[in-house]
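See structure below.
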Amino acid sequence: MVSGRLLRLHLRARRAPTFLAGVGVVAVLAWIGGNWLASRPYFDGPAARIPVVTLAPLLGATLLAPTLGGADEELERGTPLPWPRWRLGHVLLGATLIGGTLMLAGLRTPEVFGAYALLRNTLGCVGLVAGAAVLLGARLAWVAAFGYVCAVYAAAPRQIGGAAGVWAWPVQPSAVGSSWVVALVLLVVGTAGYRRWGARAGVRKGPFIYKKR
Amino acid sequence: MNGPDDPTVNGPNDPMTAGRPGRRTWLVERRSRRPEQRTRPARRRPRLVGPLRVELRRGTAATTFPVMVGAGVWVLAVHPEDWGGRWSALASYLRMSMLVLCALMVAAGAWQAGRERRRRMDELLGSTPRPAWQPLVVAWLAVSLAGTAGLLLAFGGAAVLVARVATFADSGWWWTVAVGVLGLWAATALGVLVGRTVPLRVAAPVAGLVTYVGLAIPGYLRGSGWNWLSPMHDNLLAGRRLPEHLHLLQAGWFVALTGVLLALAARRRLAALLCAALAVAVALPIGTGPGPDRLRADPGAVEPVCTRTGPEVCVARINGFLLDDVAALVQPVLHRLAGVPGAPTRAADDLTQPDGATDPVADGTIWLNLQNQATATGEGVANSDWLRAAFHSLVFPLCLYRRGEPDQRVDQVTWVAGEWLLTEWPPTASEGRPLLAQQRTQETLLERLRALPEAEQRDWFGRFLAAAHRCDEQRLIGLGEELW
């Protein structure tokens, strides 16, 4: 049974307050930006919110990245705690918080590029961040999601569904089923990897100290 | 060389240097003879090349270079139709790519500047006599050089492809590139400032994404002169250019901005104030000037180049490499229109259209938009469907649709007329798919029209065109019934 004090200590050690504040700011900006884009007469209404749907979940997942590793991973793993369960709970709680908060920003006309797409992209980005934490460590866990989503957004594929539904899932309308499949697969694979192995322990680097031979 | 491997610092008891006066020992002896020189601070020129080389090899610059090459190649590969075959289009596309590339450079600069904090070396470095701005400038310069090299490598590859087919070497396109590079350097300076001042672990990616959003905003606020302060422009078109003095002002703005950001990062307030005053002085004439109206047609670029045989097809000289491919598609349609009253007799690139004219068909000419028709290799057209749509719009009774949804039979007869006009056009990807019931009816009508003698087909099409221009719904339905 997880004691409340232990949970509080864990969240504080993982800088959860900064993460929560950041997600709140992102959600407010997403709401403002989404409504502004949707109300422009020269755009096609709520479907114009694609920048918000793409970038807000990426920012949320980026803020989650540093919380996936402790100050000293190896020391932390030496403690008598069921870490796989803690890690699983940590990622799922983070994904729920980001997804739930961002969905509020897109509830007005949730179709096409609204709340549903925000949720899908949150799941995919969190999966990418969790998977990258295993391979690169928590410090660089944002790299994969940042690079991939920016590349897909810059590509701006005109195709809807088909192959683009798979490789360009973050910029597809929420009705494209294959985009959900890819996002869910990323979430499952990334979370499972993080649950099993945790964030890669980084090489501790400090000031250069001259060593005698 | 004053490190632990330097034999001159080991003292007289060192067996390697015993009996030989070391360089430092000799200096100490000289200084002891001339004590007044010891109190005078040594004025040496800052050494930049050695630290710069180390930063380039071992700092963030080593990662920035391949990332910028990859990002540059990617943005070029995803939309070759935007830059293919034209120098000014390639330069304009570079400025459009700044949306992504500046964001990456901000992230790289922030990552580089946050290094001291991550390595917990800030106090150690602060205790050295070297002025704080020197390592900061070297680190910024290394990332900027690496990013610029990556950018130029990627776009240099594209330039090779453009050089093979370009039909117009316009002057001044390199200004666009040079100012873009200065914008990239300013972005790195912004990243350095963020990395120095924001103690977040994710400062680099967050700064990159915020930059991305910040650069995208002017794209949504069209018409303001302040947009020219951004390194990213998505409204620079091939065949149009900015006046040279605006390029100069933009260059001055980015240099001053870089100075402000670096001075703030190095906590040099006076330098920051001076650079800020310069930046404001340069920004004012840019921001208070006209918005998109500053773009002027380049007379050489928009000079028409026309076919010599068959119905006339003209393209702007800058799109001259497309002439054969466009003519091969368009001339059969113009042949079909020959002799039809009110139909266009020639097709031309809309770059050659007089300023201010926007009508798609005027004075017997159908104007075609060729801005996004080039391929990376310059062979063929990238979006022949768009040209097809331009001809389809000839037969589209737009005025009827503006009034409301017309009778379904108008849709049918419009489709028949459009397909008859484009009989020789290469088949599109949608053709060959199973037909719905309504499509089968349309196909039947089209076959009956094509079964008529050639003169009667043209006569039917001429009457259709006249009815469509008059918005005569009943006449259009009657033309469809003629084919039953």
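Chain A is the first sequence line, chain B the second, and so forth, proteins listed ahead of strands; every chain is numbered from 1.
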Next on the checklist: Please classify the contact between B:V206 and chain A as side chain, backbone, both or neither, with a heavy-atom cut-off of under 4.5 Å.
Outcome noted: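 Both parts, heavy atoms under 4.5 Å.
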Checklist entry - Which answer fits B:L99, side chain, backbone, both or neither, if we ask what part of it has an atom under 4.5 Å from a heavy atom of chain A? => result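 Contact with chain A involves no heavy atom of B:L99 at all.
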Item to check | B:W74 side-chain N/O to A:A151 backbone N/O, donor-acceptor pair under 3.5 Å | outcome: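 Present.
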Item to check | Within 6.0 angstrom of A:W197 CH2, more than 12 heavy atoms from elsewhere | outcome: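 Result for CH2/A:W197: open.
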Checklist entry - Going by the angle between their ring planes, with limits at 30° and 60°, are A:Y153 and B:Y212 parallel, tilted or perpendicular? => result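 Tilted: the ring planes of A:Y153 and B:Y212 meet at 30° to 60°.
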Checklist entry - Tell me, side chain or backbone of A:P66 under 4.5 Å from chain B's heavy atoms, or both, or neither? => result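 For A:P66, the contact with chain B is made by backbone and side chain together.
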Checklist entry - Can you say whether A:L64 sits under 4.5 Å from chain B via the side chain, the backbone, both, or neither, judging by heavy atoms? => result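 For A:L64, no heavy atom lies under 4.5 Å from chain B.
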Checklist entry - Which distance, rounded to the nearest 0.5 Å, do you find between the CG of B:L200 and the OG1 of A:T62? => result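 Interatomic distance, B:L200 CG to A:T62 OG1, rounded to 0.5 Å: 12.0 Å.
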Item to check | Sorted by number, residues from residues 10-31 of chain A in contact with chain B (heavy atoms, under 4.5 Å) | outcome: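 Within residues 10-31 of chain A, the residues under 4.5 Å from chain B are A:R15, A:T18.
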Next on the checklist: Heavy atom to heavy atom, less than 4.5 Å: which residues from residues 50-66 of chain B reach chain A?
Outcome noted: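 Residues in range: none.
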Next on the checklist: Does any part of the side chain of A:P157, heavy atoms only, come nearer than 4.5 Å to the side chain of B:V78, both counted from C-beta?
Outcome noted: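 No, side chains not in contact.
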Next on the checklist: Heavy-atom pairs under 4.5 Å with chain B: which of A:L37, A:L63, A:V143 has the most?
Outcome noted: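 Among A:L37, A:L63, A:V143, the one with the most close pairs to chain B is A:L37.
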Item to check | Over all atoms of both residues, closest heavy-atom pair of B:P205 and A:F146 | outcome: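 That would be O-CE1, 3.7 Å.
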